[in-house]
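Step one of this worksheet: look at the structure below.
As the structure is a computational prediction, the values presented were derived from the model and not from experiment. Residue indices begin at 1 and follow the sequence shown. In what follows, every heavy atom counts, from backbone to side chain, and hydrogens, waters and symmetry copies are set aside.
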Amino acid sequence: MRKKDKTKFPVARIKKIMQMDEEVGKMAQATPVLISKSLELFMQSIVDDMCKHARVCNSRKVTTTHLKRCVESTECYDFLKDVVESVVDDGDGGGPEVCIAKVAELDAIGGDALGGGGGGGGAPLSMILDAPPPADDSTDDSASPAAT
């Protein structure tokens, strides 16, 4: 029996939003699920990058200022620049230039305040889709020829 995938974003709502556009006709059943998973990965990426900015600036909480700095310093978030343009920088952690410079320095040496990848990157979608499924640890090893 196949386990259902649980997504963080409601698939039915995504489908309804997509069908609001008159140019969108029928769509495959997997399309809203793929959009939901894409949104989930995007949100995880941007939140991780915001946390990195907050930690580099010695902040105890993530604010809209960290979002603004994240968008301004990461090329893949350029499409959000007009959205964060009106956010007032509160000067947390020594100003935007200092924090952005610290984050850029960490990225240049391959380090990270969180100990992970960051940078809005992650694996390209083609690598995610082409990757073989992870091995199921629940299988019985005694039945395999390698176990004997």
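- Note that the OG atom of Ser45 and the CD atom of Glu40 stand 12.5 Å from one another [nearest 0.5 Å].
- Note: Phe42 and Tyr77 have perpendicular aromatic rings, judged against thresholds of 30 and 60 degrees for the angle between ring planes.
- Nearest heavy-atom pair, Thr31 versus Met18, reported as atom, atom and distance to 0.1 Å: CG2-CE, 3.7 Å.
- Grouping the Ile, Leu, Val, Met, Phe, Trp and Tyr side chains by contacts below 4.5 angstrom, directly or via other members, places Ile35 with Phe79.
- The NZ atom of Lys61 sits 8.5 Å away from the OG1 atom of Thr63 when rounded to the nearest 0.5 Å.
- Considering only heavy atoms from C-beta on, Arg13 comes within 4.5 Å of Lys16 through its side chain.
- In this structure, the separation between NZ on Lys26 and CD on Gln19 is 11.0 Å, given to the nearest 0.5 Å.
- Note: Gln44 CD to Asp49 CG = 10.0 Å, rounded to the nearest 0.5 Å.
- Taking hydrophobic clusters as Ile, Leu, Val, Met, Phe, Trp and Tyr residues chained together by side-chain heavy-atom distances below 4.5 Å, Ile14 shares a cluster with Met27.
- For Ser36 (side chain) and Phe9 (main-chain N/O), a donor-acceptor pair under 3.5 Å exists by modelled atom type.
- Leu67 and Met43 fall within the same hydrophobic cluster, where Ile, Leu, Val, Met, Phe, Trp and Tyr residues are linked whenever their side-chain heavy atoms come under 4.5 Å apart, directly or through other members.
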How far apart are the C-alpha atoms of Ser59 and His66, what are their side-chain angles, what is the distance that settles it, and do they pass the side chain to side chain contact (heavy atoms under 4.5 Å, CB included) test?
CA-CA 9 Å; Ser59 178; His66 298 116; 3.4 Å; yes

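- The shortest heavy-atom contact between Val71 and Asp78 is O-OD1, 4.4 Å.
- Between Val56 and His53 there is no side-chain heavy-atom pair separated by less than 4.5 Å.
- Ile46 is listed as a side-chain neighbour of Leu80, based on a closest heavy-atom distance under 4.5 Å.
- Heavy-atom minimum distance, Ala28 versus Pro32: O-CD, 3.5 Å.
- Under 4.0 Å is where a charged nitrogen must lie from a carboxylate oxygen, and between Arg69 and Glu72 no such pair does.
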